[in-house]
Amino acid sequence: MGRAAVAVLGIFVADLAFKAPRLPVMGETILGQGFKDGPGGKGSNQAIAAARAGADARMITRIGRDTFGEMARKAWAADGIDTSAVAIDDSLPTGAAFIFVSTETGNNAIIVESGAAAKLSPEDVAAAEAAIAGSKVFLTQFEQPVETALVGLRLARRHGVTTILNPAPALPVDDAIYGLCDYVTPNETEAATLTGLKVETEDDALAAARDLVRRGARNALITLGEKGALLHGAEGTFMVPAFKVPRVVDTTGAGDAFNGGFAVALAEGKPAAEAVRFGCATAGLSVQKPGTAPSMPTRAEIEALLAQG
Ligand code: RIB
């Protein structure tokens, strides 16, 4: 069997990750306890996660002709990602993200500047029609303009491609976008922003998922960190617990790992519950390593964890 194709519309940025016990307050300087740069951006992380998990991953984006753009090209080449729909911008730089990683918990806070990808346009997406049409699953987020995501979702729908919207970062959007989503995959914070509901417990997550389905999504799949993920919609209503991991090193990119793994499993025709479990395993492995794209696990690692149960 050939590798199932997953098209990802999103951004690449260079991640600049700082470890410290806490964030400084305004006007304060604190000493860090570690620094690492590397490939990031939710779209690119998800494409890398999908490629390592076994997909023929296709990246649709815009980068600058600069050092960070070179970092992107190297990262995609290392994982065999199709870059025929990557536009090179001669006037804008590739973006970057400031990432604070807590030395206490491994949790993170991020400021992302999308750079050239902020200009990723409906025309860029239209130029990627063949890559989308030839895929089983189309996956996008909100780090590039929402209008661009909308065009991609419409195009995917027109070609009968399964659509996943990872609405991160959460933005106020017209409900019409949900009607184009087979799966909308916010985390708790994003689900709360999108619905206006408090999302702290599994019951809260179910209420938020119902709200997103009422707005038009075929399924809402809410990721709940170390609790797991809850799905509600046309594929049923169920909770998949997270895999227990020996040590959480860095949670940055765990959502990207989940979405990339989930997309691959769906693209391979696995039922939704199995695909959510595959996504949870991918995320559970990613939090045990530092960084975002570099922490994405291989197919063999995912299968080994799934086999452990
Ligand atoms: O989801 C994690 C990603 O969000 C980071 O790689 C950072 O670049 C931001 O886009």
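Note that ligands are numbered from 1 as they come in the structure, with each ligand's atoms numbered from 1 the same way.
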Visitor: Taking the side chain as everything from C-beta on, heavy atoms only, tell me whether L306 gets closer than 4.5 Å to R277.
Guide: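 Yes, at least one pair of side-chain atoms sits under 4.5 Å.
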Visitor: Excluding sequence neighbours, so at least two apart, what forms side-chain contact (heavy atoms from CB on, under 4.5 Å) with E226?
Guide: none
Visitor: Between E70 and R65, does any side-chain N to carboxylate O distance fall below 4.0 Å?
Guide: no
Visitor: Which protein N or O atoms sit under 3.5 Å from any N or O of ligand 1? Give each pair with its distance.
Guide:
from, atom 1, to, atom 2, distance (Å)
ligand 1, 1 (O), K42, NZ, 2.9
ligand 1, 1 (O), D256, OD2, 2.7
ligand 1, 4 (O), K42, NZ, 3.1
ligand 1, 6 (O), D15, OD1, 3.2
ligand 1, 6 (O), D15, OD2, 2.6
ligand 1, 6 (O), G41, N, 3.2
ligand 1, 6 (O), N45, ND2, 2.9
ligand 1, 8 (O), D15, OD1, 2.5
ligand 1, 8 (O), G41, N, 3.0
ligand 1, 10 (O), E143, OE1, 3.2
ligand 1, 10 (O), E143, OE2, 2.6

Visitor: Of all residues at least two apart in sequence or in a different chain, which pass the side-chain contact (heavy atoms from CB on, under 4.5 Å) check with F238?
Guide: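 Per chain and number, F238 pairs via side-chain contact (heavy atoms from CB on, under 4.5 Å) with L231, V240, A272, A273, V276.
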Visitor: Residues in side-chain contact (heavy atoms from CB on, under 4.5 Å) with K270, at least two apart?
Guide: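 In terms of side-chain contact (heavy atoms from CB on, under 4.5 Å), with neighbours along the sequence ignored, K270 is linked to A265, E268, E274, F278, R299.
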Visitor: Would you confirm whether S295, through its side chain, and T292, through its main-chain N or O, come within 3.5 Å as a donor-acceptor pair?
Guide: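 Such a contact is found between S295 side chain and T292 backbone.
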